[in-house]
Amino acid sequence: MYHPRLYGSFYEMGHKYGKLLYEKANFSIPEITTEKSNFGLKAYQELKNFYPEAIEEIEGFAAGINDKPEKLGAFLLSIPVLENTGQCSVFAYQGDNGVIVGRNYDMLFEFKKFTESSLIAPTGKYAYISQSDVFIGRSDGINEKGLSIAMAFVNGKNYVPGISFHFIIKKVLENCASTQEAIQLITTAKVASSNNFLVADKKGNLAIIESAPQKNHIIYPKKGTNYLYITNQFTSNTMKNYDAGGVAWSKSLVRYQSLAHKLTAAKNLDLAQAKAILSDKCVCLNLRKEKFGTIWSVVAKLNNLEIERAEAKPTLTNYKPETRLAWWLKRRAR
């Protein structure tokens, strides 16, 4: 897992990282089909309207690798129509120990070599720690305001040239301080594909956004409960019609039911218990035949920005403290 520290203007961040990957790893943009390129180019135009600062970052990265930003943007925004998509399990819990979040990211094992956990601090935006398997765009993260967001893929019935989840999450982390702000951003975006987003803030506001190109639906904790969780299916009657299914191979329902059981039974959940949930064999994927499983795991307490990460299949003992966000906030304060 790479661990870049990126700060400054969007163009500067992109150029720094692109140049680094070009010089150290001889990075070049992966080839994609003409169909995906055309899809990505249309989506790139949508991104210009949705988040022009991200275009600046793409332009900087492209300059760093001596290539065209349109080609890079087409690749990044075609990712929702690629064949291999992450599965994932995510939960958030509010209790006496604060707001605890946990997330497993499940993907082909071979993708582990492309993963990164980044400290990102754009000028004029919120700083954050986030994980991804792509160099621009995020899969989950926690920002300086104590806002957490993570996605879980849903096999939707159609795709449109719009904003991929990577850039939805990126914009949320850089601009939103509360769950309600994140909901407003996600539900007004032209999304490219179907996903579950779980958002939580340090005040204990929790929400799931079931998001599809056709529609979206918000789920809050049921009365008398203090937690939410997602895997890889829509659960509301409002959204089930937009879910094509086909995710039984990744044990999505087993993981979902296991999270439900463990969170219902939890008493004053803390980070240690969160690690135990994510490390459990019913939640942590290890599909040897498919060469697919959990390739990183993150737990955090949002109230004090205490973050720990396992950079492989999680166990009770392989999470390590993440201190870069605290380092950056102290540095900035000086």
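The model shown is predicted, which means the values in this text are computed figures rather than measured ones. Position 1 is the first residue of the sequence, and the numbers go up from there.
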Look only at the side chain of Thr115 and the backbone of Lys112, and say whether a donor-acceptor pair between them is shorter than 3.5 Å. yes

Is the shortest side-chain N to carboxylate O distance from Glu311 to Lys320 below 4.0 Å? no

Describe, in one word, how the ring planes of Tyr17 and Phe61 are oriented to each other, choosing from parallel (under 30°), tilted (30 to 60°) and perpendicular (over 60°). perpendicular

Do Ile219 and Val199 belong together in a cluster built from hydrophobic side chains that touch within less than 4.5 Å? yes

Set out, in order, the CA-CA distance, both residues' side-chain angles and the distance that settles side chain to side chain donor-acceptor pair (under 3.5 Å) for Ser193 and Asn195, then state yes or no. CA-CA 7 Å; Ser193 61; Asn195 294 280; 3.2 Å; yes

Less than 4.0 angstrom from a charged side-chain N to a carboxylate O is my criterion; do Asp280 and Lys262 meet it? yes

Do Val90 and Phe234 land in one hydrophobic cluster if side-chain heavy atoms of ILVMFWY residues count as linked below 4.5 Å? no

Are the side chain of Asn38 and the backbone N or O of Glu35 linked by a donor-acceptor pair below 3.5 Å? no

When you check the gap from the basic side-chain N to the acidic O, do Lys170 and Glu57 get nearer than 4.0 Å? yes

Path from Leu21 to Val134 over hydrophobic side-chain contacts below 4.5 Å: yes

Between Gln273 and Ala266 (side chain of the first, backbone of the second, donor and acceptor by atom type, cut-off under 3.5 Å), is there such a pair? no

Determine whether more than 12 heavy atoms belonging to other residues, nucleotides or ligands lie under 6.0 Å from atom NZ of Lys68. no

Determine the interplanar angle of the Tyr51 and Phe10 rings, folded into 0 to 90°, and report it as parallel if under 30°, tilted if 30 to 60°, perpendicular if over 60°. perpendicular

Closest heavy-atom contact between Phe167 and Ile163? CB-CG2, 3.8 Å

Are Phe197 and Phe165 an aromatic pair by the rule of ring centers under 6.0 Å? no

One thing to verify: whether Glu322 and Arg324 come together as a salt bridge, which I'm taking to mean a side-chain N less than 4.0 angstrom from a carboxylate O. yes

Remaining members of hydrophobic cluster (4.5 Å side-chain criterion), Val283: Phe91, Tyr93, Ile100, Tyr227, Tyr229, Tyr256, Leu259, Leu263, Leu269, Leu271, Ile277, Leu278, Val299, Tyr319

Is Arg332 salt-bridged to Glu144, cutoff N-O under 4.0 Å? yes

Search all heavy atoms of Glu46 against all heavy atoms of Lys190 and return the closest pair with its distance. OE2-NZ, 3.2 Å

Got a sec, which residues hit ring-ring contact (aromatic ring centres under 6.0 Å, His included) with Tyr7, two or more places apart in sequence or on another chain? Trp328

For a quick test of reading the model, state the closest non-hydrogen atom pair linking Asp106 to Ser89 and the distance between them. OD2-N, 4.2 Å

Does Met151 offer a backbone N or O that forms a donor-acceptor pair with the side chain of Arg103 under 3.5 Å? yes

For the residue pair Tyr11 and His15, categorise the inter-ring angle as parallel (less than 30°), tilted (30 to 60°) or perpendicular (more than 60°). parallel

Restricting to non-hydrogen atoms, name the atom on Val101 and the atom on Ala92 that form the minimum distance, rounded to 0.1 Å. CG1-CB, 3.9 Å

Please check: side-chain N/O of Asp133 versus main-chain N/O of Phe114, any donor-acceptor pairing under 3.5 Å? no

Any donor-acceptor pair under 3.5 Å linking the side-chain atoms of Asn175 with those of Lys125? yes

Find out if a path of hydrophobic residues (ILVMFWY) with successive side-chain heavy-atom gaps under 4.5 Å connects Ile169 to Val154. no

So, Arg138 side chain and Val172 main chain: donor-acceptor pair closer than 3.5 Å or not? no

